[in-house]
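Each chain gets a letter, A, B and so on, in the order its sequence line appears, and its residues count up from 1.
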Amino acid sequence: NAGVTQTPKFQVLKTGQSMTLQCAQDMNHEYMSWYRQDPGMGLRLIHYSVGAGITDQGEVPNGYNVSRSTTEDFPLRLLSAAPSQTSVYFCASSSHRASYGYTFGSGTRLTVV
Amino acid sequence: AQTVTQSQPEMSVQEAETVTLSCTYDTSESDYYLFWYKQPPSRQMILVIRQEAYKQQNATENRFSVNFQKAAKSFSLKISDSQLGDAAMYFCAPYFGNEKLTFGTGTRLTIIP
């Protein structure tokens, strides 16, 4: 039972480069979301999805893009990386209404130089 | 706006003793869920305990229990018989029904041998 799988675990980008963070879950969860974690600020929601084909913005969506073509996968795209996007990124998933909480991936540490 | 406050950035406790981490929040919702997550140095976010707001009985999971006071909007976590493996960042994260968890800024717990 893999849960939520994120790749890569670490990444260094140059300013202006683009990349995709991958996220996959095998629990048939409807809800998937991306958070970023910065020191002293807890986790903040970037984008989320309530089902295949449906996505919406969270608190800090600028500079990021998402799509959800299948229930299992929810990739996060950085369009043109900036140093302000240096952070730890978490993908999470939950069943309807999140009544049992979210299951998190192991995170991706991204550094933009 | 829905906010979450963890007023103790750092706490320490002697091994085998009891420690309480505080969390207060603000919401106009009446039906919601409350969670505590643990983040050890491995970076993985681990669900520790959940509480349903419509239940008056406080949740308990082995050595972890909560003191939930709905009127006061308070949701503290008590860890009994503290162990070295409890050392981590702890995040209070309510789900108010807006498709996301709202995270506090965390409390870093140190266990003194």
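Side chains of A:Ser87 and A:Gln37: a donor-acceptor N/O pair is absent below 3.5 angstrom, by distance only.
Heavy-atom distances place both the backbone and the side chain of B:Leu101 under 4.5 Å from chain A. There is no contact between B:Gln6 and chain A, counting heavy-atom distances below 4.5 Å. Heavy-atom distances place both the backbone and the side chain of A:Ser106 under 4.5 Å from chain B.
A:Thr20 has its side chain out of reach of A:Leu76: every pair of non-hydrogen atoms, C-beta onward, lies at least 4.5 Å apart.
When each of B:Gln44, B:Arg43, B:Glu52 is checked for heavy-atom pairs under 4.5 Å with chain A, B:Arg43 comes out on top.
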Donor-acceptor contacts under 3.5 Å from residues 39-51 of chain A side chains, at least two apart:
| from | atom 1 | to | atom 2 | distance (Å) |
| --- | --- | --- | --- | --- |
| A:Arg44 | NH2 | A:Asp38 | OD2 | 2.8 |
| A:His47 | ND1 | A:Asp56 | O | 3.4 |
| A:His47 | NE2 | A:Tyr64 | O | 3.2 |
| A:Tyr48 | OH | A:Asp56 | OD2 | 3.4 |
| A:Ser49 | OG | A:Gly51 | N | 3.3 |
| A:Ser49 | OG | A:Gly51 | O | 2.9 |
| A:Ser49 | OG | A:Ile54 | O | 2.6 |
| A:Ser49 | OG | A:Arg68 | NH1 | 2.8 |

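Side-chain atoms of B:Gln14 do not come within 3.5 Å of backbone N or O of B:Ile111 as any donor-acceptor pair.
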